[in-house]
Amino acid sequence: MSEASRELRVNLGERSYPILIGQGLLGTTDLSPYVRGERVMIVTNTVVAPLYLEQATLCFPGKIVDSVILPDGEQHKDWQTLNRIFDALLEQRHSRHTTVVALGGGVVGDMAGFAAATYQRGVQFIQIPTTLLSQVDSSVGGKTGINHPLGKNMVGAFHQPQVVLIDTDTLATLPPREIPAGLAEVIKYGLIRDLPFLEWLESNIAALTELDTAALSEAILRSCTCKAEVVAIDEHEGGLRAILNLGHTFGHAMETFAGYGQWLHGEAVGAGMVMAADLSHRLGLINQESLERVRYLIKRAGLPDRAPGGMRPDDFLERMAVDKKNVDGHLRLILLRAPGEAVITSDFDHALLVDTLNAFCGKS
Ligand code: NAD
Ligand code: GLY
């Protein structure tokens, strides 16, 4: 790794692993020490393969490298597409000593990780995330899975990677809409537990949307640091880790209502965080100024601050009822006690939740 590269660690005892962050890492970093056996299966998709598959293969000198290329898009994060990974592993006779490598965004990462968690009861796994969202969030922490028509990420497993390789150069080829989507998860870290980072984001949001390399690297480093800390404290989401879902209960409802792939995950999370801030304000947890602070940052990041057209409060309530954070039928939400401090609660006035939903539905 060059001097400009950085290494973080996710501390999970015997499942600890490094996150390598820098420019020009793909194709130049030797990841073979993280591969236990002789074989590797790179899982990628039709968009990422022509861009980065050849370089990714070079990260495994001395290993036999196969690949499987999936269709692109959130609408393919399902059983059928997952099965194509198992088909490839079985057809190429991969044993339980193989290593599955995810090369792509969060969709590829979540599916490849779930395949690794379950193929022959679990094989090793490496993350090479290539979107901003996957570099700051989904590649770290071991959540893997697929969607169900009735709910986002409803089928999955915890399965930690051996290493995460983040080459920030890959962001240069991202479609413009994917940058704000990734920034939503970056802003999340500032809002839930890092006020100095939130303040830094408020000063640097324009540089980030303009793809300033130094600003993006800093944002990725600080986001991964925050995520690694939370995951190290609560790997399996017994408590604290739920704060990483700020805006996600509202967001998942919007994503499924709009149809997978119509609203990007990060866009839905962005609007969902404004809704969480709005409810926090109605409950007297934060003041109007803090609510407007959240809304302003989300808008400056280029994210929506309203629900998809045609969505009604009942559409939210129906979908929010199947959220994974709910306990014994009680809706549990991540709200804000202050900018930089999240709270997990089931203790809120349902009528105020409906007021929030009404305020965001039908808004143009
Ligand atoms: P994505 O994986 O769909 O990628 C977005 C688009 O960019 C796709 O078309 C992809 O093919 C393309 N792409 C990827 N890298 C590229 C590159 N370098 N250049 C050009 N195009 C590129 O979307 P995403 O935002 O990365 O991930 C969203 C998914 O992540 C959702 O399914 C969400 O549920 C999941 N997620 C998981 C976790 C977790 O902890 N596991 C956390 C957050 C989100
Ligand atoms: N993105 C939520 C989590 O990793 O817990």
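We're numbering straight along the sequence, starting at 1. First listed ligand is number 1; within each ligand, the first listed atom is number 1. For the numbers below, each heavy atom of this structure counts, side chains included, while hydrogens, waters and symmetry mates do not. Just so you know, these numbers come straight off a predicted model, no measurement behind them.
When each atom of ligand 2 is checked for a heavy atom of K227 under 4.0 Å away, the hits are 1 (N), 3 (C), 4 (O). Taking a cut-off of under 4.0 Å to the non-hydrogen atoms of N245, the atoms of ligand 2 that pass are 2 (C). Below 4.0 Å from some heavy atom of K143 lie the following atoms of ligand 2, by number and element: 2 (C), 3 (C), 4 (O), 5 (O). Against a heavy-atom cut-off of under 4.0 Å, D137 is close to the following atoms of ligand 2: 1 (N).
Each salt bridge (Lys or Arg N to Asp or Glu O under 4.0 Å) pair with one or both residues in residues 83-95, not counting sequence neighbours, would appear here, but there are none.
The salt bridge (Lys or Arg N to Asp or Glu O under 4.0 Å) test applied to R282 returns D278, not counting sequence neighbours. With sequence neighbours excluded, no residue satisfies salt bridge (Lys or Arg N to Asp or Glu O under 4.0 Å) with E54.
Between E229 and R193, at least one side-chain N (NZ, or NE/NH1/NH2) sits under 4.0 Å from a carboxylate O, which counts as a salt bridge. Salt bridge status for E218 with R222: present, with a side-chain N to carboxylate O gap under 4.0 Å.
Among protein residues, N45, V47, V48, L51, Y52, D72, E74, K77, G105, G106, V107, D110, T130, T131, L133, D137, S138, K143, K152, N153, T170, T173, L174, P175, E178, E185, K227, H265 come within 4.0 Å of ligand 1, judged on heavy atoms.
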field: Audit row: K143, D110, salt bridge (Lys or Arg N to Asp or Glu O under 4.0 Å) steps and yes/no
entry: CA-CA 7 Å; K143 277 191 182 176; D110 281 10; over 6 Å; no
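In this pair, W200 and F197 present their aromatic rings parallel. The plane angle is below 30°, not in the 30 to 60° band.
The shortest non-hydrogen separation linking R39 to T98 is O-OG1, 3.4 Å.
Of the N or O atoms in H248, none lie within a sub-3.5 Å distance of an N or O in ligand 2.
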